[in-house]
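Sequence positions, counted from 1, serve as the residue numbers for this chain.
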Amino acid sequence: MWSDANKYARWLDVELAATETLAEAGQVPKDAAAAIRAKAKVDAARVNEIEARVKHDVIAFTMAVGESIGDAETARWLHYGMTSNDVVDTAQSLLVRDASRLIEAALVNFRMCWEAGAGISTYAADWPDAWRAAEPITFGLKMANWYAENQRNIERFEGCVGADARGENFGCGGKCVTSGAGIEERFANGWDWTWRRWLRR
């Protein structure tokens, strides 16, 4: 999830979406956008190699992807009208969304396992067990506490994740001069920002 390779793959997703959004608006040649979609690849090792020389991650990334496109006239439309944070911040939101889906699935699986075996706590209601400070309780109560804690974790998770799920394409200086505010809205709305699939029932 957090490897350089996956990070750069997400950066490329953002770049491709931006280029295609601008092509739909007539600001980038459609044939260039199609060629970029077909040819653009990213190699993390190559990006890191270039970054060691130029000392800028996004410049290194665009140079490496430009090499994979193989045509300077086409590659010039990659990253058109964007600034580094447009790429990095949007991709970071996508990575957080993807990680949240993994966490969500684990929380839900834990709840489903509990609910599938809900009778165990009743069955174990009379099994003695040790608790903090050596207070005696039953194993069934301990299991019920685990379930309640997981339910609280799900509620906390719902409350904190998704707030940062945003896309941006302000361009240099954050003024939307190149693309216009309407382009940013179309670009940002093109992503599936949802992460909640099973939590609410």
Side-chain angles (χ1 to χ4, degrees), residues 1-102 104 161-197:
M1 181 67 67
W2 302 106
S3 67
D4 281 350
N6 196 44
K7 175 181 75 173
Y8 294 143
R10 279 299 184 195
W11 286 12
L12 183 57
D13 288 342
V14 172
E15 293 279 9
L16 294 174
T19 301
E20 289 171 345
T21 302
L22 290 172
E24 290 169 7
Q27 297 186 31
V28 167
K30 290 188 176 180
D31 57 343
I36 290 170
R37 166 65 71 177
K39 297 178 180 178
K41 302 285 184 286
V42 63
D43 180 327
R46 181 61 179 148
V47 174
N48 293 335
E49 178 186 339
I50 296 172
E51 185 181 356
R53 187 176 77 247
V54 301
K55 310 299 184 194
H56 192 287
D57 55 354
V58 179
I59 290 173
F61 167 81
T62 56
M63 289 173 69
V65 174
E67 290 175 354
S68 76
I69 294 168
D71 174 51
E73 184 57 31
T74 299
R76 70 184 286 265
W77 296 106
L78 179 78
H79 199 70
Y80 179 76
M82 300 185 79
T83 194
S84 296
N85 283 352
D86 293 339
V87 178
V88 174
D89 292 351
T90 303
Q92 183 78 2
S93 287
L94 292 169
L95 288 169
V96 169
R97 179 204 65 182
D98 293 345
S100 298
R101 286 175 172 169
L102 294 176
E104 171 194 28
V161 179
D164 293 328
R166 300 287 184 272
E168 66 183 48
N169 189 359
F170 297 125
C172 295
K175 299 181 291 183
C176 297
V177 171
T178 305
S179 59
I183 296 296
E184 184 199 26
E185 184 177 354
R186 286 162 63 182
F187 163 75
N189 288 339
W191 294 98
D192 172 17
W193 293 111
T194 60
W195 60 274
R196 293 189 188 94
R197 291 179 294 173

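Listed by chain and residue number, R37 satisfy the side-chain hydrogen bond (donor to acceptor under 3.5 Å, both in side chains) test with E20 (two or more places apart in sequence, or in another chain). With sequence neighbours excluded, the residues forming a salt bridge (Lys or Arg N to Asp or Glu O under 4.0 Å) with D98 are R10, listed by chain and number.
Taking the side chain as every heavy atom from C-beta outward, D4 and K7 approach each other to under 4.5 Å. Residues D86 and V14 fail the side-chain proximity criterion, which asks for heavy atoms closer than 4.5 Å. At least one side-chain heavy atom of S68 sits less than 4.5 Å from a side-chain heavy atom of V65. For the pair W11 and D57, the minimum side-chain heavy-atom distance is below 4.5 Å.
Looking at S3, its side chain does come within 3.5 Å of a backbone N or O of N6 through a donor-acceptor pair. A donor-acceptor pair under 3.5 Å is absent between the side-chain atoms of T90 and the main chain of V87, judged by distance alone.
Closest heavy-atom contact between L16 and A40: CD2-CB, 4.3 Å. Pairing each heavy atom of M82 with each of A18, the nearest pair is SD-CB, 3.4 Å. Nearest approach of T74 to A35, heavy atoms of both residues: CG2-CB, 3.8 Å. Taking every heavy atom of both residues into account, M63 and I50 meet most closely at SD-CG2, 3.9 Å. Scanning both residues, A64 and V47, for their nearest heavy atoms gives CB-CG2, 3.7 Å. Between L78 and G66, the shortest heavy-atom contact is CD2-N, 4.5 Å.
Using a cut-off of 4.0 Å between Lys/Arg side-chain N and Asp/Glu carboxylate O, E49 and R46 are scored as salt-bridged.
Of the inter-residue distances, the one linking L12 atom CG with T19 atom OG1 reads 9.0 Å to the nearest 0.5 angstrom. Atoms CD and CZ, on E104 and R97 in that order, are 11.5 Å from each other to the nearest 0.5 Å. One finds the OG1 atom of T62 at 10.0 Å from the CD atom of E67 (value rounded to the nearest 0.5 Å). From W77, atom CH2 reaches atom NZ of K30 across 14.0 Å, with rounding to the nearest 0.5 Å. Here the CG-NZ distance, from D71 to K39, works out to 6.5 Å after rounding to the nearest 0.5 Å. Atoms NE2 and CD1, from H79 and I59 in turn, are 8.5 Å apart once rounded to the nearest 0.5 Å.
A donor-acceptor contact closer than 3.5 angstrom is absent between the side chains of D13 and Y8. Counting only N and O atoms by type, the side chains of E51 and H56 include no donor and acceptor under 3.5 Å apart.
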